[in-house]
Amino acid sequence: MAANRGQFGSRLGFIFAAAGSAVGLGNIWGFPTQAASNGGAAFLLVYLILAFALAYPVLMAELILGRYTHGNSVAALSGIARGPVTKVIGTGTGLLGILVASMILSFYGIVAGWMLGYTLSYPLDVVGASSAADWLTGFTMPRNLILMGVFMLMTIAIIMGGVKEGIERWSSRLMPTLIITLIALAAYVLTLEGAMTGLRVYLIPDFSKIFSSQLILSALGSAFFSLSLGVGTMLVYGSYISDKEHLPSIGAQVALIDVGIAVLAGFLILPVMYVAAERGVEIFSASGALLSEDTLILTVLPELFATMGTVGVALATAFFSLMTIAALTSSISILEVPVAFIVERFDWSRKKAAVVAGGLIASMSGAIILDFENLFGAVIALSTRYGQPLLGLLLCVFVGWVWQRNTLLAELKKNDPHVAEGLFWRIWPVYVRFVCPVIIAIIFYRSLV
Ligand code: TRP
């Protein structure tokens, strides 16, 4: 098995791939408006602390465990078990992770399909195909099904290519494109009337808002979603890292890029919203809060672009391409979780596994589309509010308590002989054993009551 497993070709390739997984719709969809509505720079500070104090240790748990076993998530978790009971629990946790990953991809693929539709609609409208453009942006069942199907095919095609030729190659192409597009868009928008008001709303700290426990909990939830934690994504990516790499520092780089892009997205989204307000677009909901999430992306922004003529078409196309790219580098990382398992457990070819797993998940998306009202929100809640924290908890317990300390230390010593004397080893094990499980348990409990 280990001999013909894929491996990332370079450190940078891994960083692009893992950051590509982390940077997704979550960063642009939710983070900027959440920050602006909840204390601006004060919220950024809280988010940064949470990301590094709580999400980063869990990210490291996944990366180290993956790299140690060089196997899929089920093999990894059952591989560190100490006896029959922990083996069963480990296997169960890995399988549950695969299920939750599939659920996440099933709703993610639908939203990503919308992004694809908007990307194509603007240029089509320009060349006169306005009925096609309208079809692509109208909320109908056939359109939702077809766009989701196309997006899933793109995801499957990349995963069929393998770790180096598929995941690494495409992430290394798409991530720089995403970063450049984001910076260029923000730089342009900042020159427009109204942008500075948005920047002020985004950055002026208001410490009175950040002490609500509800807020801290939801910030932590977003940090977990944003870093792709719990379901085995980072574990599987970690399993393709070479033993020569120093994990604590590349993990930190991935977390930094993810948080950095979320913060950078705020420099685009908030100014854009206030530019829109300047032009008469409604940016507040009836309750006075900033519009966010789907309304922001699918209503506010298109209304703004419509006021801008040709420039608006270019901006819109760039913006929705950015969203599609962000979604694609994330969706491949989710599909890799079941595919790695099937390939290694049942000895299937990667191509067959990608088509079958991707096809099954696409049918789940299809079912959601057919009963959108009832299923869409339910699948999101089930997978991200309950599934992810529960899995994160089990993961910490496994890495912190079940895994033999000596083998764990030996794994880290592979490329850092003095790791035992360093800061990471002094702090991190305590975190995965005590701090993370307790805090995740509190979040989980709060989300139940
Ligand atoms: N992190 C991605 C985002 O911010 C989505 C994502 C990719 C994800 N892989 C995941 C979320 C695994 C949860 C679990 O959009």
Side-chain angles (χ1 to χ4, degrees), residues 16-34 47 51 55-56 58-59 61-63 66 73 93-94 96-115 151-152 155 158-159 167 170-171 174-175 178 182 218-238 254-255 257-266 269 293-294 297 322-340 357 361 379-395 440:
F16 277 139
S21 167
V23 174
L25 297 175
N27 297 56
I28 304 167
W29 198 262
F31 178 79
T33 34
Q34 194 185 17
Y47 187 80
Y56 171 72
V58 180
L59 171 68
E62 289 206 27
L63 291 180
S73 49
T93 306
L96 188 65
I98 292 178
L99 178 71
V100 174
S102 308
M103 287 169 70
I104 292 179
L105 185 52
S106 72
F107 76 76
Y108 209 80
I110 300 175
V111 179
W114 298 339
M115 298 301 118
F151 182 82
M152 288 300 290
T155 304
I158 295 179
I159 287 303
I167 298 172
W170 280 95
S171 301
L174 295 174
M175 283 307 284
L178 176 137
L182 185 57
S218 78
L220 193 58
S222 339
F224 262 66
F225 186 82
S226 188
L227 274 172
S228 311
L229 299 178
V231 303
T233 301
M234 290 300 183
L235 192 161
V236 171
Y237 272 18
V254 170
I257 297 179
D258 181 49
V259 175
I261 296 215
V263 172
L264 188 60
I269 297 294
E293 304 186 347
D294 51 340
I297 306 290
L322 174 90
M323 295 298 272
T324 311
I325 291 174
L328 189 58
T329 52
S330 298
S331 65
I332 54 178
S333 74
I334 313 180
L335 182 57
E336 183 63 19
V337 178
V339 168
I361 295 171
V379 172
I380 295 181
L382 202 59
S383 55
T384 64
R385 278 185 55 193
Y386 305 112
Q388 263 189 300
L390 181 65
L391 286 161
L393 181 66
L394 288 165
L395 194 92
I440 299 173

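Fair warning: this is a prediction, and the values are worked out from it, not measured in the lab. In listed order, ligands and their atoms are each counted from 1.
F225 and G26 make their closest contact through CE2-CA, 4.3 Å (heavy atoms, listed as atom of the first residue, atom of the second, distance).
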Inset, instruction - Verify side chain to side chain donor-acceptor pair (under 3.5 Å) between T233 and S21, making sure each step is shown before the conclusion. - result: CA-CA 8 Å; T233 301; S21 167; 5.2 Å; no

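For the atom pair CG (L395) and CD1 (I440), the distance works out to 8.5 Å, reported to the nearest 0.5 Å.
Listed by chain and residue number, W29, M115, L301, F319, F320, M323 satisfy the side chain to side chain contact (heavy atoms under 4.5 Å, CB included) test with I297 (two or more places apart in sequence, or in another chain).
The aromatic rings of F31 and Y47 lie tilted to each other, with the angle between the two planes from 30° to 60°.
Closer than 4.0 angstrom to ligand 1 sit non-hydrogen atoms from S21, A22, G24, L25, G26, N27, I104, Y108, F225, S226, S228, V231, T233, S330, S333, I334, Q388.
With hydrogens and angles disregarded, no donor-acceptor distance shorter than 3.5 Å links the side chain of Y237 to the backbone of E336.
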